[in-house]
Structure formats: structure tokens, C-alpha cells
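Here's the structure we're looking at; comments come further down.
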Amino acid sequence: MSSANQHIVSLTGRSKVASNKKMTFMERIYLPAIMKGFGITFSHLFKKKATIQYPEVTRPIAEIYRGKHVLKRDDEGRERCTACGLCALACPAEAITMIAAERKPDEMHLYREEKYASVYEINMLRCIFCGLCEEACPKEAIFLTNEIVPSDYERSSFIYGKVILVEPIDKRVDISKRQTPAVLNFKKDKNQSHNI
Amino acid sequence: MDGNYILYKFILASAILLISLLVAMYSTLFERKLAGFFQDRLGPNRAGIFGIFQPLADGLKLFFKEEFMPGSADKFLYILGPSLTMMIALLTSAVIPWGNSIIINGVEYSLQVADINVGVLYVFAILSIGVYGIMIGGWASNNKYALIGAVRAASQMISYELAMSMAIISIVMMSGTLSLSEIVNQQHGFHWNIWYQPLGFLLFLVCAFAECNRSPFDLPECETELIGGYHTEYSSMKLGFYLFAEYINMFISSAMIATLYFGGYNFPFMDDLGLSHNAITMIGTIVFFIKISFFGFVFMWVRWTLPRFRYDQLMRLGWKTLLPLALVNIVITGFVIMLKNHS
């Protein structure tokens with residue numbers, strides 16, 4: 001057993017011995033310390049405020065931010081998604097569901113592949129915005145954008161269908177920041193198990 | 001006692017009641033704004049410009065909240081509690097001299113509803129009753145937290161009332177009167193009591209925080225330990241009354257501090273301006289309200305600077321520090337008065 005007066009060696013050299021010295025009179029009446037505190041709080045009245053007034057002002061968002069999803073179209077305006085279901089499989093939150101359908105001959109200009117998603121839904125309340133769906137997609141169809149999912153009053157309105165997700169033909173969504181050459185190479189790399 | 005006189009008193013009383021309510025209403029906004037600023041936030045600013053309509057929105061919200069009453073509560077006392085608190089908070093404003101007097105057609109109208117010659121005593125009597133509203137509310141809720149809060153409020157108010165009265169006694173010794181208007185008139189110009197009673201002022205200020213249940217003495221309603229203390233079981237406008245009464249009390253306390261120690265409606269060089277009596281009265285009332293606003297600010301400043309006392313620290317400060325200091329202050333005041341009269 002260690003004796004009471006044994007000297008304790010500090011291994012880090014950072015430990016400080018607690019002081020139990022008696023307070024002086026000035027310390028005991030507390031008023032100088034209280035005045036100092038008043039000074040500190042008063043100075044905060046004139047400091048720059050940390051508040052960002054959200055709907056009018058938004059904080060800067062990185063271009064590679066993982067926000068609301070977009071279902072991309074190809075250069076001719078056809079939907080890229082082929083309803084393979086890999087995104088739904090990859091999704092750790094199980095937020096994605098879809099129903100596949102076969103492309104009719106007169107729908108050649110609408111869908112790129114023979115099979116397409118007639119229903120594609122993401123539950124934004126389940127989604128954790130990890131980006132695994134984007135990583136899993138073999139058709140470069142789904143991407144996360146730097147747009148934020150807006151708040152709403154109803155749970156049901158957070159299930160986003162194709163109407164919201166598919167990018168409009170006349171208003172293309174730029175995802176080039178997330179689809180860099182490095183990402184594309186990664187997707188084509190045969191050494192990666194997901195590309196075999 | 002003609003009709004004119006009754007009309008004038010009625011108008012004055014209603015005006016003071018309305019002003020008290022309005023000031024209390026907007027001090028809630030002021031407090032929230034200041035709290036925001038002290039914490040590097042902006043505070044409420046969505047309801048109207050600078051959040052001007054925020055108090056209205058808060059009041060409306062309280063009105064539309066569910067009116068909940070615990071099943072085991074004493075119905076009569078449960079309602080009596082907040083009503084009593086509110087009523088008592090509004091009573092004190094009657095004796096405070098809000099301004100000198102206005103002369104219309106040769107008749108002098110004082111801007112004080114009741115100039116009773118025991119004004120100081122009246123204020124203390126009302127303050128002492130104030131604890132009943134909290135006690136009754138806490139007891140009637142039939143809830144342990146509420147009861148602990150009420151018991152704390154009672155012991156705290158009794159402890160600090162003592163030191164507060166002792167601090168005032170030095171003022172009464174100096175001025176030789178209990179009438180508030182007389183005390184104010186003796187502080188004419190810049191002869192404010194604060195220059196003669198700095199220790200008394202400090203004691204009074206600390207006790208005023210305790211009497212208003214304001215931080216750092218907000219033990220009766222500390223959210224962290226007692227979930228709201230005496231108003232744990234209250235909701236809707238009954239809760240609103242308790243919270244509102246706190247702000248009225250703050251307003252009245254600030255007015256009392258300004259009256260007793262900072263010359264009330266007196267301001268420096270008031271005789272050298274060469275203005276008419278009525279104009280001086282008007283400026284005096286504005287000055288008085290500036291003083292009140294300053295002390296309202298101090299109340300909030302203290303709240304967002306100092307952490308809450310522990311209960312034993314509170315009692316030790318009240319009984320072992322403030323009370324002896326107040327007694328010492330009385331002795332010093334008496335000694336100085338004796339020397340002055342002797343020479």
C-alpha cells in the first residue's frame with residue numbers, strides 16, 4: 001500500500017496540484033469577480049452574432065454536399081435509371097423503394113434502358129444522406145445534390161416520388177462536382193468487388 | 001372631493017395600471033432580446049420588426065393552451081394563487097411618485113395615485129403578502145416539486161425581507177419620513193441617496209433580486225432541479241399570470257430602487273434649465289422611466305451573468321452577510337446623523 005505522503009509522479013507532466021489555499025478578503029467578497037463577469041457579458045452585447053437567419057440567409061454549402069437526391073437524365077433527355085434495385089439494396093436506412101416496368105416501343109425517347117422505374121420513392125425521413133445509393137448505381141442515375149430537403153408539416157409529404165426526384169429536361173442539375181474522374185474510375189475499377 | 005378630482009384619480013390610476021402591464025409585456029421581449037445578445041444570438045425577430053409583436057404572440061399562445069388542472073388539486077386555492085400574485089404585483093404602483101405635479105388652470109395635480117405618509121411601510125406590507133400567491137399556488141398544486149418551490153420561496157422571502165427593511169431603515173433615518181414623495185423631494189437635483197448610502201443601495205439591490213425571485217436567487221422556480229418549482233402544475237394563462245407578475249415585480253422593484261436611491265424624477269440641473277413647472281415635471285417623468293429601464297436592464301444583465309445560488313449559500317448570504325451589513329449600515333448612519341446634529 002502506498003503511504004499517504006508518497007509523492008505522485010505525473011506521467012504526462014500536465015497534471016496540476018489542486019490548490020486549497022484560503023481565499024483573500026477581496027476574493028471572499030466576490031464583488032470584483034462579479035464585476036468582471038458583468039464586463040464579460042456586457043462585451044458580448046456588441047459581438048458579432050452567430051445566428052444565420054435561415055430562410056433568407058443560408059450558410060455556405062459545399063458543392064459536394066450530400067443533400068436531396070436527383071434522378072439524372074442522359075444527354076438526350078432519357079431517364080438513366082433502369083430499376084435494378086442496387087440503390088435500394090445498398091441503402092442502410094432502407095429508404096428507397098421502386099417498381100420496375102418494361103419500356104414500350106413508343107417510349108424509346110423517355111427511357112434509356114429497356115427496363116425502367118415506373119415508381120421510384122425515397123423516404124426523406126429515413127434517408128441518412130450517406131451517398132451509398134449513388135455509389136451503388138451502375139447507370140450514373142442517382143446523385144446527391146447540394147440542395148437541402150425542406151421542412152414540412154406532414155410525414156407523408158416526405159416520401160419523394162419521381163415527380164420531385166427526376167431532373168426536369170429544361171433545368172438540368174449539375175452534379176459534375178460529385179461525379180469527378182476519380183469517382184468514375186473507381187466505379188469502373190474491376191479490382192473493386194462491386195464492379196465484377 | 002369633487003367630480004373633477006375623482007376623474008383625475010381614475011385616469012391616473014388607469015394610466016399607471018396600463019403602463020405597468022405594457023412595460024411588463026415588453027420587458028419579456030426585452031429580456032429575450034438581451035438573453036440572445038448576451039449569448040451571441042439575435043433573439044426573437046420574426047413577429048414584426050425587431051419582434052415587436054412577440055409579446056402579443058406569446059400572450060395569445062398562453063390563452064390558447066390547454067387549461068390543465070391536476071385532479072388532486074384544491075380547485076379554489078389553485079385559481080386563487082396566480083390571481084393573488086397578479087393582484088399584489090399591481091398594488092405597489094399606487095404609492096410610487098411617477099412624477100412631480102402638473103398645474104392645470106391653477107390646480108395642482110400630483111402624479112402619484114396615493115401619497116400616503118407610510119408609503120415605505122405600505123410597500124413592505126404588500127411585498128410580504130406577495131409570498132402568499134406563490135405559497136398558495138405551490139400548496140394547491142398537490143405536487144412535491146411545487147411544494148418544495150413554495151417552501152423555498154417562503155423562507156427566501158422572509159430571510160431577505162429582513163435585510164431589505166434594515167437597508168431601508170437607514171434611508172428613513174436620513175430623511176426622517178416614511179412618505180415616498182417626501183423621500184423623493186429631499187433628493188432634489190443631484191442630492192441622490194446613493195451618494196450617502198452606497199452600502200445600503202447594494203444591500204437593497206441584492207435583496208430586490210431575491211424578493212423578485214430573479215436569478216441568481218431564482219431557487220423557487222429553478223428549472224433544473226424543480227421543473228419550474230411552484231408553477232410546475234400550472235398551464236395556460238394561470239402560468240402566464242405567474243410569469244407576468246414576475247415582470248411587473250421587476251418593474252416595480254426598479255421603480256423603488258430609482259425612487260429610494262436615485263432621486264426618482266429628480267435630475268441634475270433641473271433648476272437651471274429655466275423651464276416651466278409642467279415642463280420640468282414632464283422631463284422628470286421621462287428621466288424616471290429612463291432610470292427604471294436602466295435597472296430593468298440590470299435585472300436582466302444579472303440574470304444572464306450569475307449562476308444560481310445553492311440553497312445553503314442563499315441562506316448564509318442572507319442571514320450571515322446581508323443582515324449584519326445592514327445593521328452596521330444603520331449604526332454608521334446613526335453615528336453620522338448624530339455628528340451632524342451636534343456640530
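Note that the coordinates shown come from a computational prediction; the quantities given were computed from them, not determined experimentally. A note on names: the letters A, B, ... follow the listed sequences, proteins ahead of strands, and every chain is numbered from 1.
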Does atom CD (Gln53(A)) have a neighbourhood of more than 12 heavy atoms from anything else shown, all under 6.0 Å? yes
Just wondering, more than 12 heavy atoms not from Asp75(A) lying within 6.0 Å of its CG? no
Aromatic plane relationship, Phe42(A) with Phe297(B) - under 30° parallel, 30 to 60° tilted, over 60° perpendicular: perpendicular
Identify which one of Lys49(A), Lys47(A), His44(A) satisfies the side-chain hydrogen bond (donor to acceptor under 3.5 Å, both in side chains) criterion when paired with Asp40(B). His44(A)
Rounded to the nearest 0.5 Å, how far does CZ of Phe38(B) lie from OG1 of Thr41(A)? 5.0 Å
CG (Leu45(A)) and NZ (Lys33(B)) are apart, to the nearest 0.5 Å, by 12.5 Å
Any donor-acceptor pair under 3.5 Å from Trp301(B) side chain to Phe38(A) backbone: yes
So does Gln313(B) have more than 12 non-hydrogen atoms from other groups sitting under 6.0 Å from CD? yes
Can you tell which of Thr321(B), Leu34(B), Val302(B) has the highest number of heavy-atom pairs within less than 4.5 Å of chain A? Val302(B)
Count the heavy atoms of every other residue, nucleotide or ligand shown that sit under 6.0 Å from CG of Asp170(A), and state whether that count exceeds 12. yes
Is Phe53(B) atom CZ crowded by more than 12 heavy atoms from other residues, nucleotides or ligands, each under 6.0 Å away? no
Leu306(B) portion near chain A, given a 4.5 angstrom heavy-atom threshold: side chain
Exceeds 12 heavy-atom contacts within 6.0 angstrom, atom NZ of Lys21(A): yes
Measuring from atom CG of Leu317(B) to atom OH of Tyr30(A), what distance do you get when rounded to the nearest 0.5 angstrom? 10.5 Å
Step through the shown structure and confirm whether more than 12 heavy atoms of other residues, nucleotides or ligands are within 6.0 Å of CD1 on Ile64(A). no
Chain B contact via Leu31(A) - which portion, at a heavy-atom distance below 4.5 Å: side chain
